[in-house]
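Here is how names work: the chains are called A, B, and so on, in the same order as the sequence lines, proteins then strands, and each is numbered from 1. Only a predicted model underlies this, so the values are computations on that prediction, with no experimental measurement involved.
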2 protein chains.
Amino acid sequence: MFSIGKLGRAARVKVPTIRYYEQIGLLPEPDRSAGNQRLYPRTALDRLAFIRHARELGFPLDAIRDLLGLSDHPDQSCAAADAIARAQLDAVRDRIVRLKALEGELERMLDQCASGTISDCRVIEVLGDHANCAHDHDGKDLG
Amino acid sequence: MFSIGKLGRAARVKVPTIRYYEQIGLLPEPDRSAGNQRLYPRTALDRLAFIRHARELGFPLDAIRDLLGLSDHPDQSCAAADAIARAQLDAVRDRIVRLKALEGELERMLDQCASGTISDCRVIEVLGDHANCAHDHDGKDLG
DNA sequence: TCTTGAAGCTATAGCCACTAGAGCAATTAG
DNA sequence: CTAATTGCTCTAGTGGCTATAGCTTCAAGA
Ligand SMILES: [Zn+2]
Ligand SMILES: [Zn+2]
Ligand SMILES: [Zn+2]
Ligand SMILES: [Zn+2]
């Protein structure tokens, strides 16, 4: 059995994060010691490691919740799991495309700035007028 | 003079967002009508358009606050403005690198999955064990 | 056995950049 | 003049944590 601190060190997840995951129902409530401290079975480590790894790959917690639910039914088709991963891949690709456009604009404005005064600064000028931009950065979330 | 709604339509910024910018001190408090409604001068449109465009390019509001402050001093050197843009460029590039690594991992797991049952699903398997990964996704924020 | 320090507990608030909603008051078009 | 729209303030919620305060419990050393 693990204390919350040992579990956190084993999975490299911070203790308040573990409690947060429990609070939102991503981790089941563990048993408690006589003094009311959480005691985790070994299986909790697998589950937490799965969550951590999926987070590192950018999956939102809702998707992770679904994936964990699916992994509890090993005999079912994995189509739903694959669909979640594909949605995540699409989201990642979308972000990359938008970030590359931003990268291009930022490069351009910095290249074009002669580093004089603010009144001649190409950075300030471009930020003030999108007509100076090569791309259309639609207002969507960059997260 | 613009009402908040007209200003928002002109700059394509939502009305509550304008009030939020005022609240955090990014936009100055405008004069009010006899009935306590905000009335903006034309200059507010430039300022708001600047903010919107900088946000579209991913600048955080704190950086935008600094840029607006700098743009009020046209005779000073633009080095500080350029530095803010360069920091933003670095941040964007950093995100792109990390997202490309994620893209690769997600592609790999999807390619390798034979789309059978969950117990054979490569997606679930990879998420459960980082040893299956080609990259080291350090835990840093993907924002 | 006693003590001390680390680790645990709950509860609350904060982060960013908004967004949504309630319940009103003011303005504007017909 | 009326009705629809727009405006006002205030509060709370989003995601995924992180930080703090003020307490209790546990584990190791003397
Ligand atoms: Zn410059
Ligand atoms: Zn632009
Ligand atoms: Zn699969
Ligand atoms: Zn991995």
Side-chain angles (χ1 to χ4, degrees), chain A residues 1-27 29-40 44 48 50-68 88 91 95 137-143, chain B residues 1-27 29-40 44 48 50-68 88 91 95 137-143:
Chain A
M1 301 293 271
F2 296 88
S3 70
I4 196 170
K6 274 187 191 169
L7 180 67
R9 277 190 298 279
R12 276 171 300 170
V13 173
K14 286 174 188 157
V15 166
T17 304
I18 298 174
R19 287 196 281 246
Y20 170 71
Y21 288 162
E22 178 183 324
Q23 191 192 318
I24 63 168
L26 206 56
L27 286 175
E29 292 185 27
D31 292 339
R32 300 286 184 126
S33 74
N36 197 36
Q37 305 198 351
R38 291 170 179 82
L39 285 179
Y40 294 92
L48 185 54
F50 185 101
I51 295 171
R52 177 183 176 238
H53 197 209
R55 284 294 300 133
E56 285 175 343
L57 287 160
F59 287 87
L61 292 180
D62 272 359
I64 296 173
R65 193 193 311 271
D66 291 346
L67 288 167
L68 284 167
Q88 174 64 13
R95 284 195 221 166
H137 15 253
D138 47 5
K140 288 192 183 175
D141 186 20
L142 287 173
Chain B
M1 301 293 270
F2 296 89
S3 70
I4 196 170
K6 274 186 189 168
L7 181 68
R9 277 190 299 278
R12 276 172 300 171
V13 173
K14 286 174 190 158
V15 166
T17 304
I18 298 174
R19 287 197 279 249
Y20 169 71
Y21 288 161
E22 177 184 325
Q23 192 192 318
I24 62 167
L26 206 56
L27 287 175
E29 292 185 27
D31 291 339
R32 300 287 183 125
S33 74
N36 198 36
Q37 302 197 353
R38 290 170 179 82
L39 285 179
Y40 295 91
L48 185 53
F50 185 100
I51 295 171
R52 178 184 176 239
H53 197 209
R55 284 294 299 135
E56 285 175 345
L57 287 161
F59 287 86
L61 291 180
D62 272 359
I64 296 173
R65 193 192 310 270
D66 291 346
L67 288 167
L68 284 167
Q88 175 62 13
R95 285 196 218 168
H137 14 256
D138 46 7
K140 288 192 182 174
D141 186 19
L142 286 174

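- Residue A:R9 contributes atom CZ, which lies 7 Å from atom P of C:dG8 at whole-angstrom precision.
- In this model, the phosphate group of D:dC26 is approached by a side-chain N or O of A:S33 to a distance below 4.0 Å at OP1 or OP2.
- Note on B:R32: only backbone sugar-phosphate atoms sit closer than 4.0 angstrom, heavy atoms only; bases stay farther off.
- Put simply, NZ on B:K6 is 17 Å from P on D:dT5, counting in whole angstrom units.
- If you take OH of B:Y20 and C1' of D:dA12, they are 15 Å apart, rounded to a whole angstrom.
- Under the 4.5 Å side-chain criterion, counting only non-hydrogen atoms from C-beta, A:L27 is not in contact with A:R19.
- Picking from D:dG16, C:dC9, C:dC18 the nucleotide with the shortest atom distance to the side chain of A:I4 gives C:dC9.
- Counting heavy atoms from C-beta on, the side chains of B:R95 and A:R95 never come closer than 4.5 Å.
- The shortest side-chain heavy-atom distance between B:I64 and B:Y21 does not fall under the 4.5 Å cut-off.
- An OP1 or OP2 oxygen of D:dC17 is reached within less than 4.0 angstrom by no side-chain nitrogen or oxygen of A:K14.
- Look at CG on B:L39: it is 11 Å from P on D:dG7, rounded to the nearest Å.
- Phosphate proximity of D:dC17 to A:Y21: present, with a side-chain N or O under 4.0 Å from OP1 or OP2.
- Going from atom CD of B:Q88 over to atom C1' of C:dC16 covers 14 Å, rounded to whole Å.
- Two residues, A:V15 and B:P60, neighbour DNA chain C, and the one matched to the more 5' nucleotide by heavy-atom proximity is A:V15.
- For the pair B:P30 and B:E22, the minimum side-chain heavy-atom distance is below 4.5 Å.
- Taking atom CD of B:Q23 as the reference point, atom C1' of D:dC10 lies 10 Å away to the nearest angstrom.
- Contacts of A:R19 with the nucleic acid, taken as non-hydrogen atoms under 4.0 Å apart, include base atoms.
- A sub-4.0 Å separation between OP1 or OP2 of D:dG16 and a side-chain N or O of A:T17 is absent.
- For D:dG7, one of the phosphate oxygens OP1 or OP2 lies less than 4.0 angstrom from a side-chain nitrogen or oxygen of B:S3.
- Whole-Å rounding puts the B:I24 CD1 to C:dG14 C1' distance at 15 Å.
- One can place CG of A:N36 at 13 Å from P of D:dT24, the figure rounded to the nearest angstrom.
- A close approach under 4.0 Å does occur between a side-chain nitrogen or oxygen of A:R38 and OP1 or OP2 of C:dC9.
- The shortest distance between the side-chain N/O atoms of B:R55 and the OP1/OP2 oxygens of C:dC18 is below 4.0 Å.
- Within the 3.5 Å criterion, the main-chain N or O of A:A63 finds no donor-acceptor partner in the side chain of A:Q88.
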